[in-house]
Structure formats: C-alpha cells, structure tokens
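The figures here come from the full heavy-atom set of this structure, side chains too, leaving out hydrogens, waters and symmetry mates. Note that the structure is predicted; figures quoted are calculated from it, not measured.
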Amino acid sequence: MLRTTTILAAALLLAAGGTAHAEPTTLRLPAPTGPHRLGTTMLHLIDRDRTDPWNGTARELVITVFYPASTVGGYPVAPQLTPAAAEVFKGFDPVYLHPELPDEGVDWAATATHSHTGAPAQPVARPVLLYSPGGADPRTIGTGLAEELASHGNVVVTIDHPGETSEVEFPGGRVRTIDVPGDPRTDPELFRTMLDTRVADTRFVLDRLGDLSAGRNPDAEARTLPENLGRALDLRRVGAYGHSAGGATVAEALYEDRRIDAAVNMEGYLDYLPEQPGQDGELLPVARDGVDRPLLLLGTDGFRDERFERTWTAMLAHRGCTRWEQLDNATHWVFTDYGAQAPQLQDAGLMSAEHRAKLVGAVDPAESVPAIRDHVRTFFARHLPR
C-alpha cells in the first residue's frame, strides 16, 4: 500500500506539471571486521627540499591516518569525502575518469566512514601500512580496505599524490585538481616523472612518520594531533599496498627503500611506457632485478593484456619472494571502494549491469570484499608479525 501511494502521489504531481524529485542515494562503506574501534586524522606535509614537477612549488601532500582508538565517545564520524572534495568529485570523476559512475542522483558527501576524527590512539606500537591509489584516483576511494586493516591492529596511512589526483583538499578548504600537462598513460616522459614522484612521495611520508614516532609534529600547520598517535607507530614493521599506478609505486618503493618490509601490488603494470609504439617498455627496476622481500601481485581475471602478463611474469621469474594471486569474475576497480559501491548504484537504478561489470566485474561484493580483505590482511599478518 505504501509503495502504491508513493507512486500515485508522484504521478499526480507530474500530471499537475510538477516534478517528482527522488532523494539522492547515499552509498555505504562495508563495516570493518576487526576488534578495534577506529580513529582517524589528516596531515598536511610539505617537502621543502623537493620541487613539485606539476606546479613548480614545494611538494606538498595530504595523508589520512587510520588507527585503533582507545575511545571514540564524543568524536565525530569522519565522512569518506569532505563537502568540498565531494563537490569537485561529482563534477569530475564521473565525467572524465569513470564514465560508468552516475553524474547525478548520488550524494557523494553523505557517505560516512567507520572512523572517528581525532579520537585518541591506543598507546601500542603497531605495524604501519602505506596506501597509494591508482592514477588520478583520490586516496579516499581506498577507505574501506584501510579501515579493515586498521581494525585488525595496524596503522594505515593513505596518500594522495597532488597534481595527478582528481581532487585533494588542503587545510582551509583549498582544493587542488589535476594539473599534469598531458596524459601520463600515453606520454613516456610524463609517466616516468609521475612514478618517480610517487615513489619519492612514499619515502617522504615514511620520513615524516619517523618524526611523528619521535614525538615531533610533522603537520605543516602544527595542528593538534590525536593523543598517542606517535606511540602507535612501529616503524620496524612497515608494509605498503597500492592499486594500479599505486601498485607499481609500492612495488618500486619496496625495491628502493629497505624500510619497507613487504608490499602488495593490486594490478599495477611493472614497466615504463615504451619510447616508440609497438615496442616493449623498459621493466621497472623491481621487475628487472627482483626484490629480496615479500611482494604479492593481486590481480583479476578481467584485467589482463600482453603488457600485464609480460611484466608480472618477469617479476615472478625471480622466484622466492613474489606470489601472484587472482580474483575471478572481477576487474580493475574492484580493489577500491567501487567494488562495494557499484552494486549499490546498480540496485538504485543509477548504473547499468554493463557499466558495473566494466568497472568492477559481476562478482558479488559479498564475495569480493572479504576475499580482497583476506588476501591483503593475511599477507601483512604473515610478513609483519606482531
């Protein structure tokens, strides 16, 4: 009866010349499964010894830290996207990055995380995991996996790479969008610069986490940090994981920086772009030489091409420390929050089955979300033991 009444009211409104406006859909993030309640905070970091290749100023980053909290009472739940970031996201990402996403009908600012802003951290030294997102994607679409890992007793640091990310909000509400002068996916020189910058970003974040662990405040505005945050970092146990370009970033960072003990590459190519069409690109040093620490290559059956097979097979040829695992009935962005949210969009009539399959595959999130979480969580539990 309620459904019939609602439809009738909408029909009468339209007949009278009005418009029936449905409430925008609010997407949900899957709840973390670990025993720890979560705190979160954002840090603004400036590397004054390095010039940003995209705008010529000192390189500055924004990171989010997720951590086990000692209490969450009185601390607000953080949104996945701030209002300013959501405003840019809705006009950019569905139009230019992921046309499978709807450009209307979603309240991107309404999605809540399961983490509480500024909550005090448990004063227990825990493994530190760094996350690098895919090219142009913001760190915020890796929130679900970050929360899962933190809920099981890790400190997780998600990193944006400004200038090649769709939106990065800095303190005070300033939002930076993409200002790379070209397309790194087709320009070999830009791709090298992008990857080198990302690896340097990752190493710089580790430097600043060292400051934090030593009791110093690395935030550029010296804002008050959550209680015990520095004490929660065990920088003797550091892992890194990333998606797409972020997967290549963490694999190469593992090779270059011995502070990183293990890494997970979720579908990142392990080569540079070829200088001439039709050629093979030069392998990244990590794939050329191998690495003496654990590396997990985590892929899908829906994202495979000759370049992918060549570079991952080259990595595996070194044997010993590298494994390749696969999720079936899935494709590239299943490793992000879209893996859980695209089916919600389809259920709401805002995404077709074809677009859902193109973005994340047809796999049910009841299968893909726990599978990805289990792959990554158990890998780090094995190689960064408590």
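For the side chain to side chain contact (heavy atoms under 4.5 Å, CB included) with Tyr255, the lone residue among Asp292, Val286, Leu284 that qualifies is Val286. A salt bridge (Lys or Arg N to Asp or Glu O under 4.0 Å) with Arg174 is found for one member of Glu60, Glu221, Glu167, Glu169 and no other, namely Glu60.
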**Message:** One pair to check against side-chain contact (heavy atoms from CB on, under 4.5 Å): Leu327 and Leu298. What are the steps and the verdict?
**Reply:** CA-CA 8 Å; Leu327 185 68; Leu298 187 55; 5.7 Å; no
**Request:** Determine, stepwise, if the pair Glu147 / Ser115 fulfils side-chain hydrogen bond (donor to acceptor under 3.5 Å, both in side chains).
**Result:** CA-CA 8 Å; Glu147 290 191 314; Ser115 303; 2.6 Å; yes
**Prompt:** Step by step, would you call Val205 with Leu130 a side-chain contact (heavy atoms from CB on, under 4.5 Å)?
**Reply:** CA-CA 9 Å; Val205 168; Leu130 309 178; 4.3 Å; yes
**Prompt:** Would Glu148 and Thr33 satisfy side-chain hydrogen bond (donor to acceptor under 3.5 Å, both in side chains), going step by step from the backbone distance to the final call?
**Reply:** CA-CA 6 Å; Glu148 170 71 3; Thr33 65; 2.7 Å; yes
**Message:** Before you tell me yes or no, could you show the steps for Ser166 and Leu97 under side-chain contact (heavy atoms from CB on, under 4.5 Å), namely the whole-Å CA-CA distance, both residues' side-chain angles and the distance that decides it to 0.1 Å?
**Reply:** CA-CA 8 Å; Ser166 58; Leu97 298 183; 3.6 Å; yes
**Request:** Kindly indicate, with the supporting measurements, whether the criterion side-chain contact (heavy atoms from CB on, under 4.5 Å) is fulfilled by Asp374 and Arg377.
**Result:** CA-CA 5 Å; Asp374 184 64; Arg377 187 182 64 247; 3.4 Å; yes
**Request:** Using the side-chain hydrogen bond (donor to acceptor under 3.5 Å, both in side chains) rule, take Tyr338 and Asp137 through it: C-alpha gap first, then chi angles, then the decisive distance, then the call.
**Result:** CA-CA 11 Å; Tyr338 297 141; Asp137 284 331; 4.9 Å; no
**Request:** Take Glu267 and His243 through the side-chain hydrogen bond (donor to acceptor under 3.5 Å, both in side chains) test and state the conclusion after the steps.
**Result:** CA-CA 6 Å; Glu267 291 199 325; His243 172 242; 5.1 Å; no
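A donor-acceptor pair is defined here as one N or O able to donate and one able to accept, closer than 3.5 Å; such a pair exists between the side chain of Asp337 and the backbone of Gly144. Glu367 places no side-chain N or O within 3.5 Å of a backbone atom of Val363 that could act as its donor or acceptor partner. Judged purely by atom type and a 3.5 angstrom limit, Thr113 uses its side chain to pair as donor or acceptor with the backbone of Ala78. Side-chain atoms of Thr331 come within 3.5 Å of backbone atoms of Gly302 as a donor-acceptor pair (strictly under, hydrogens ignored). A donor-acceptor contact shorter than 3.5 Å links the side chain of Arg356 to the backbone of Gly361. Judged by distance alone, the side chain of Asn154 and the main-chain N or O of Val156 form no donor-acceptor pair under 3.5 Å.
Counting Ile, Leu, Val, Met, Phe, Trp and Tyr side chains that sit under 4.5 Å apart, directly or through other members, Val62 shares a hydrophobic cluster with Met42, Val168, Phe170.
Side chains of Asp301 and Gln326 form a contact here, defined as non-hydrogen atoms less than 4.5 Å apart. Looking at Arg203 and Val199, their side chains come closer than 4.5 Å, going by heavy atoms from C-beta outward. No side-chain heavy atom of Asp183 sits under 4.5 Å from any side-chain heavy atom of Leu190. Between Phe204 and Asp49 there is no side-chain heavy-atom pair separated by less than 4.5 Å. A 4.5 Å side-chain heavy-atom check between Pro133 and His161 finds at least one atom pair inside the cut-off. Contact annotation: the side chain of Asn217 never approaches that of Leu212 to less than 4.5 Å [non-hydrogen atoms, C-beta and beyond]. Two residues are said to be in side-chain contact when any heavy atoms from C-beta on lie closer than 4.5 Å; Thr71 and Pro120 meet this criterion. Residues Thr64 and Thr40 are in side-chain contact: their nearest non-hydrogen atoms beyond the backbone lie under 4.5 Å apart.
Trp312 contributes atom CH2, which lies 8.5 Å from atom CZ of Arg304 (distance to the nearest 0.5 angstrom). Distance CD1/Ile141 to CG/Asp93: 7.5 Å, rounded to 0.5 Å. Once rounded to the nearest 0.5 Å, the distance linking OG1 of Thr224 with CG of Leu229 reads 12.0 Å. Considering CG of Asp219 and CZ of Arg208, their distance stands at 12.0 Å, rounded to 0.5 Å. Expressed to the nearest 0.5 Å, how far NE2 of His375 lies from CZ of Arg323 amounts to 9.0 Å. In this structure, OG1 in Thr193 is found 6.5 Å from CG in Asp196, a value given to the nearest 0.5 Å.
For His383 and Phe379, the ring centers are positioned less than 6.0 Å apart.
In plain terms, the two heavy atoms of Pro102 and Val106 that are nearest each other are CG-CG2, 3.7 Å. Nearest heavy-atom pair across Ile260 and Leu254 is O-CD1, 3.4 Å. Annotation for Arg293 and Asp261: closest pair CB-O, 3.4 Å, computed over non-hydrogen atoms. Between Ala314 and Leu283, the shortest heavy-atom contact is CB-CD1, 3.8 Å.
Residue pairs meeting the ring-ring contact (aromatic ring centres under 6.0 Å, His included) criterion with at least one partner in residues 106-153, sequence neighbours excluded, are Phe89-Trp108, Tyr131-Tyr241. Sorted by first and then second residue, the pairs that involve residues 27-47 and meet salt bridge (Lys or Arg N to Asp or Glu O under 4.0 Å), not counting sequence neighbours, are Asp47-Arg50.
By the 6.0 Å contact criterion, CD on Glu87 is open, its count of non-hydrogen atoms from other residues, nucleotides or ligands being 12 or less. Heavy-atom contacts from other residues, nucleotides or ligands closer than 6.0 Å to CZ of Arg382 number more than 12. Other residues, nucleotides and ligands contribute at most 12 non-hydrogen atoms within 6.0 Å of the CZ atom of Arg236. In this structure, Glu306 places its CD atom where only 12 or fewer heavy-atom neighbours from other residues, nucleotides or ligands lie under 6.0 Å away. Within 6.0 Å of CD in Glu309 there are more than 12 heavy atoms belonging to other residues, nucleotides or ligands.
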